[in-house]
Undergrad: 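Right, I'll just put the structure down here and ask away after.
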Number of protein chains: 2
Amino acid sequence: MPKAKQLTLDARTRRGIAKALADPRRFDILRHLAAQESCLGCGDLLETFPITPATLSHHLKELEAANLITTEREGKFLRVQFLRPTWEAYLRELQKL
Amino acid sequence: MPKAKQLTLDARTRRGIAKALADPRRFDILRHLAAQESCLGCGDLLETFPITPATLSHHLKELEAANLITTEREGKFLRVQFLRPTWEAYLRELQKL
DNA sequence: GTATCATTTAGACAGTTGTCTAAATGTCAT
DNA sequence: ATGACATTTAGACAACTGTCTAAATGATAC
């Protein structure tokens with residue numbers, strides 16, 4: 001039976017994730033995304049968190065750079081989705097120590 | 001049989017840990033400590049990492065504030081020890097999402 | 001095109017942080 | 001007490017970051 005390929009993180013990526021998680025607002029956004037079955041749009045996030053669109057955009061960029069989410073344009077809207085594989089790879093990494 | 005009491009982290013603590021982990025140097029120090037059987041002194045850490053004593057002291061304070069390590073004076077020296085229970089509570093917390 | 005709505009970019013600002021040097025404190029041996 | 005060594009504190013500085021406002025871009029409907 002084929003072994004499931006598991007993402008491993010280099011130090012650079014791990015650092016990016018840690019930084020993304022360090023801001024509580026960003027962590028809350030990520031958690032909110034993780035709790036969804038499918039994608040969310042900015043609109044939902046803007047209703048949920050008291051920040052301006054500009055600030056949200058900034059945080060999404062950080063999360064995306066850390067590979068914790070993906071975003072996809074759908075017409076006017078941006079569909080944002082939690083990337084669980086990265087998250088799980090990060091947890092495995094932390095479990096090593 | 002008695003159930004083992006497991007530490008749970010409030011949001012404030014979790015934030016403190018995330019912040020402590022966000023700096024790569026601090027993460028490296030923590031990992032180094034976690035890899036030891038017992039305590040380490042500042043001397044060992046200063047040989048291992050190219051930072052001044054003042055900077056090390058600063059980082060140890062952060063890690064201690066996050067409850068990730070404990071320190072204890074032993075004469076001239078400071079014995080530093082990784083606090084695994086906090087670490088494990090943090091991992092359990094992250095696993096929730 | 002124009003209007004409208006969603007998102008991004010640019011720029012600014014205040015607050016935080018990692019690091020250092022220099023000086024202070026603590027602890028032990030002589 | 002003096003000296004030597006370990007650690008901490010104080011203060012400074014540059015770099016980074018979260019946030020905002022204002023303006024720009026993208027996308028759709030009319």
Side-chain angles (χ1 to χ4, degrees), chain A residues 11-33 36 38-83, chain B residues 11-33 36 38-83:
Chain A
R12 201 172 160 291
T13 311
R14 199 201 57 227
R15 212 177 333 167
I17 296 175
K19 200 184 68 150
L21 262 40
D23 180 57
R25 179 78 71 204
R26 219 146 41 208
F27 184 81
D28 289 344
I29 291 172
L30 192 69
R31 182 165 45 188
H32 185 77
L33 288 166
Q36 308 303 316
S38 61
C39 303
L40 279 188
C42 289
D44 175 281
L45 293 168
L46 287 172
E47 279 170 25
T48 307
F49 303 103
I51 53 177
T52 64
T55 300
L56 176 61
S57 185
H58 166 69
H59 285 320
L60 291 181
K61 285 257 176 302
E62 287 277 321
L63 290 170
E64 196 174 14
N67 219 37
L68 286 167
I69 62 170
T70 35
T71 65
E72 190 188 356
R73 272 247 158 216
E74 187 160 326
K76 271 202 294 192
F77 303 96
L78 194 77
R79 315 300 306 270
V80 185
Q81 188 169 22
F82 179 58
L83 268 184
Chain B
R12 199 172 162 290
T13 311
R14 200 203 56 229
R15 212 178 331 165
I17 296 175
K19 200 184 66 148
L21 263 40
D23 180 57
R25 178 77 72 202
R26 219 147 41 207
F27 184 81
D28 289 344
I29 291 172
L30 193 69
R31 180 164 48 187
H32 185 76
L33 288 167
Q36 307 305 315
S38 61
C39 302
L40 278 188
C42 290
D44 177 281
L45 294 167
L46 287 172
E47 277 169 27
T48 306
F49 303 103
I51 55 177
T52 65
T55 301
L56 176 61
S57 184
H58 167 68
H59 285 320
L60 291 181
K61 285 256 176 304
E62 286 278 319
L63 290 171
E64 195 173 15
N67 218 37
L68 286 166
I69 62 170
T70 35
T71 66
E72 190 188 355
R73 272 247 156 214
E74 186 160 325
K76 271 202 295 192
F77 303 96
L78 195 77
R79 316 299 308 267
V80 186
Q81 187 169 23
F82 180 59
L83 269 184

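In this text the structure is predicted, and so the values were computed from the model without any measurement. The chains referred to below are lettered A, B, ... by the order of the sequence lines, with proteins before strands, and numbering in each begins at 1.
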Undergrad: In this structure, how many angstroms lie between the P atom of dT19(D) and the CG atom of Asp28(A), rounded?
TA: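 For the pair Asp28(A) CG and dT19(D) P, the rounded distance is 11 Å.
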Undergrad: Considering only heavy atoms from C-beta outward, does the side chain of Leu60(B) approach that of Leu45(B) to under 4.5 Å?
TA: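 Side chain of Leu60(B) against side chain of Leu45(B), heavy atoms only: contact under 4.5 Å found.
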Undergrad: Would you say the side-chain atoms of Arg14(A) pair up with the backbone N or O of Pro24(B), donor to acceptor, closer than 3.5 Å?
TA: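 Not at all, since once roles are kept as given, no pair shorter than 3.5 Å links the two residues.
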Undergrad: Atom CD of Glu72(A) and atom P of dT7(C): how far apart are they, to the nearest Å?
TA: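 Value for this atom pair: 14 Å.
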Undergrad: To the nearest Å, how far apart are Arg15(B) CZ and dT16(C) P?
TA: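 Distance, rounded to whole Å: 13 Å.
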Undergrad: Nearest-Å distance, NZ (Lys61(A)) to P (dA10(C))?
TA: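 Taking NZ of Lys61(A) and P of dA10(C), I get 11 Å after rounding.
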Undergrad: Just by modelled atom types, is the Ala20(A) backbone N or O under 3.5 Å from a matching donor or acceptor in the Arg26(A) side chain?
TA: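 Such a contact is found between Arg26(A) side chain and Ala20(A) backbone.
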Undergrad: Taking only residues two or more places apart in sequence, or in another chain, which ones meet Arg25(A) in a side-chain hydrogen bond (donor to acceptor under 3.5 Å, both in side chains)?
TA: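 Here no residue qualifies.
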Undergrad: Counting C-beta onward and ignoring hydrogens, is there a side-chain heavy-atom pair between Val80(B) and Asp44(B) closer than 4.5 Å?
TA: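 Side-chain contact under 4.5 Å: no.
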Undergrad: Separation of Glu64(B) atom CD from dT8(D) atom C1', in whole Å?
TA: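 Rounding to the nearest Å, CD of Glu64(B) and C1' of dT8(D) are 13 Å apart.
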Undergrad: Only counting residues at least two apart or in another chain, list the ones meeting ring pair (Phe, Tyr, Trp, His ring centres under 6.0 Å) with Phe49(B).
TA: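 Phe49(B) satisfies ring pair (Phe, Tyr, Trp, His ring centres under 6.0 Å) with His32(B) once adjacent residues are dropped.
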Undergrad: Could you go step by step and tell me if Thr48(B) and Asp28(B) meet the side-chain contact (heavy atoms from CB on, under 4.5 Å) rule?
TA: CA-CA 10 Å; Thr48(B) 306; Asp28(B) 289 344; over 6 Å; no
Undergrad: Students often get this wrong, so: under 4.0 angstrom with heavy atoms, is Gly43(B) touching a base, only sugar-phosphate, or nothing?
TA: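 Result for Gly43(B) = sugar-phosphate.
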Undergrad: In whole angstrom, what separates Glu47(B)'s CD from dC5(D)'s P?
TA: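 For the pair Glu47(B) CD and dC5(D) P, the rounded distance is 15 Å.
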Undergrad: Listing time: all N or O pairs from protein to nucleotides 26-30 of chain D that are below 3.5 Å?
TA:
none

Undergrad: Taking only residues two or more places apart in sequence, or in another chain, which ones meet Ser57(A) in a side-chain hydrogen bond (donor to acceptor under 3.5 Å, both in side chains)?
TA: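 Applying side-chain hydrogen bond (donor to acceptor under 3.5 Å, both in side chains) to Ser57(A) gives none.
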Undergrad: Nearest whole angstrom, please: distance from the P of dG18(D) to the CD1 of Ile29(A).
TA: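 One finds 11 Å between P of dG18(D) and CD1 of Ile29(A), rounded.
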Undergrad: Could you check how far CG of Leu78(A) sits from P of dT25(D), rounded to whole Å?
TA: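 These atoms are roughly 19 Å apart.
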Undergrad: Any pair with a residue in residues 69-81 of chain B that passes side chain to side chain donor-acceptor pair (under 3.5 Å), sequence neighbours left out, goes on the list, sorted by first then second residue, please.
TA: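 Matches after skipping sequence neighbours: Glu64(B)-Thr71(B), Glu74(B)-Arg79(B).
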Undergrad: Show each protein N/O and nucleotides 17-25 of chain C N/O combination with a separation under 3.5 Å, one pair to a line.
TA:
{"residue": "dT17(C)", "atom": "OP1", "partner": "Lys19(B)", "partner atom": "NZ", "Å": "3.1"}
{"residue": "dG18(C)", "atom": "OP1", "partner": "Arg26(B)", "partner atom": "NH2", "Å": "2.9"}
{"residue": "dG18(C)", "atom": "OP2", "partner": "Arg26(B)", "partner atom": "NH1", "Å": "3.0"}
{"residue": "dG18(C)", "atom": "OP2", "partner": "His58(B)", "partner atom": "NE2", "Å": "3.4"}
{"residue": "dT19(C)", "atom": "OP2", "partner": "His59(B)", "partner atom": "NE2", "Å": "2.3"}
{"residue": "dC20(C)", "atom": "OP2", "partner": "Thr52(B)", "partner atom": "N", "Å": "3.2"}
{"residue": "dC20(C)", "atom": "OP2", "partner": "Thr52(B)", "partner atom": "OG1", "Å": "3.2"}
{"residue": "dC20(C)", "atom": "OP2", "partner": "Thr55(B)", "partner atom": "OG1", "Å": "2.6"}

